[in-house]
Amino acid sequence: MKTYNARNETTTHDWYLVDAADKTLGRLASEIATRLRGKHKPIYTPHVDTGDYIVVINAGKVKVTGNKRKDKIYYSHSGYPGGIKEITFEKAYSENPGTCN
């Protein structure tokens, strides 16, 4: 038996259209992450980009469970002292529904 190692020249990237309407945010994100890395393919090789291209539609209709709309907080840091910023899911979702993931 030999181990197969994929190469950049031999890999193919497919396009997938994902409809996010009425799907749970976390489950959808993990499904998309698997496809982006290429772990669903039998030729998966960690050091080679074997993933596919993903287009998400209806991102504004994604479901979140529990109190995550009010309680979930996204943090970003500029790298400077005191440069931490936070925004709640509810505010980020109201400004741009496609960026909440």
Side-chain angles (χ1 to χ4, degrees):
M1 270 180 107
K2 288 193 169 200
T3 302
Y4 177 76
N5 285 323
R7 293 180 167 185
N8 284 332
E9 301 85 31
T10 61
T11 58
T12 58
H13 301 283
D14 298 325
W15 285 87
Y16 282 98
L17 182 68
V18 177
D19 185 13
D22 298 326
K23 291 191 179 174
T24 307
L25 178 64
R27 292 176 187 263
L28 181 65
S30 64
E31 177 185 328
I32 290 172
T34 301
R35 292 225 175 246
L36 283 173
R37 290 204 57 200
K39 292 189 102 176
H40 64 289
K41 294 182 178 182
I43 64 164
Y44 171 71
T45 308
H47 65 279
V48 178
D49 181 17
T50 57
D52 296 326
Y53 303 114
I54 307 287
V55 177
V56 179
I57 59 172
N58 293 327
K61 297 179 183 176
V62 72
K63 262 190 335 188
V64 289
T65 57
N67 293 328
K68 289 188 193 91
R69 285 214 185 265
K70 290 180 265 176
D71 296 344
K72 186 172 180 68
I73 298 174
Y74 293 108
Y75 295 99
S76 64
H77 198 282
S78 66
Y80 292 99
I84 193 162
K85 294 180 183 177
E86 62 182 43
I87 187 168
T88 62
F89 177 85
E90 195 169 37
K91 185 173 180 185
Y93 188 79
S94 66
E95 290 175 3
N96 189 358
T99 60
C100 296
N101 48 14

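Under a 4.5 Å side-chain heavy-atom criterion applied to ILVMFWY residues, the cluster that includes Tyr75 comprises Ile73, Ile84 as well. Side-chain contacts under 4.5 Å among hydrophobic residues (ILVMFWY), followed directly or transitively, place Ile43 together with Tyr4.
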Listing, residues 51-62 side-chain donor-acceptor contacts under 3.5 Å, not counting sequence neighbours, or none:
from  : atom 1 : to    : atom 2 : distance (Å)
Asp52 : OD1    : Asp14 : N      : 3.1
Asp52 : OD1    : Lys41 : NZ     : 2.8
Asp52 : OD2    : His40 : NE2    : 2.9
Asn58 : ND2    : Asp19 : OD1    : 2.7

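Taking CZ of Arg27 as the start and CD of Glu31 as the end, the distance is 11.0 Å to the nearest 0.5 Å. Distance check, rounded to the nearest 0.5 Å: CG of Asp49 to CZ of Arg37 gives 10.5 Å. Taking NZ of Lys63 as the start and OG1 of Thr24 as the end, the distance is 4.5 Å to the nearest 0.5 Å. Residue Tyr74 holds its OH atom at 10.0 Å from CD1 of Ile87, rounded to the nearest 0.5 Å.
Residues passing the side chain to side chain donor-acceptor pair (under 3.5 Å) test with Arg69, sequence neighbours excluded: none. The side chain to side chain donor-acceptor pair (under 3.5 Å) search around Thr65 returns Lys68, not counting sequence neighbours. With sequence neighbours left out, Lys23 forms a side chain to side chain donor-acceptor pair (under 3.5 Å) with no residue at all.
The two residues Thr11 and Val48 have their closest heavy-atom pair at CG2-CG1, 4.1 Å.
Residues Leu28 and Tyr16 share a single hydrophobic cluster, defined by chaining ILVMFWY side chains whose heavy atoms lie under 4.5 Å apart.
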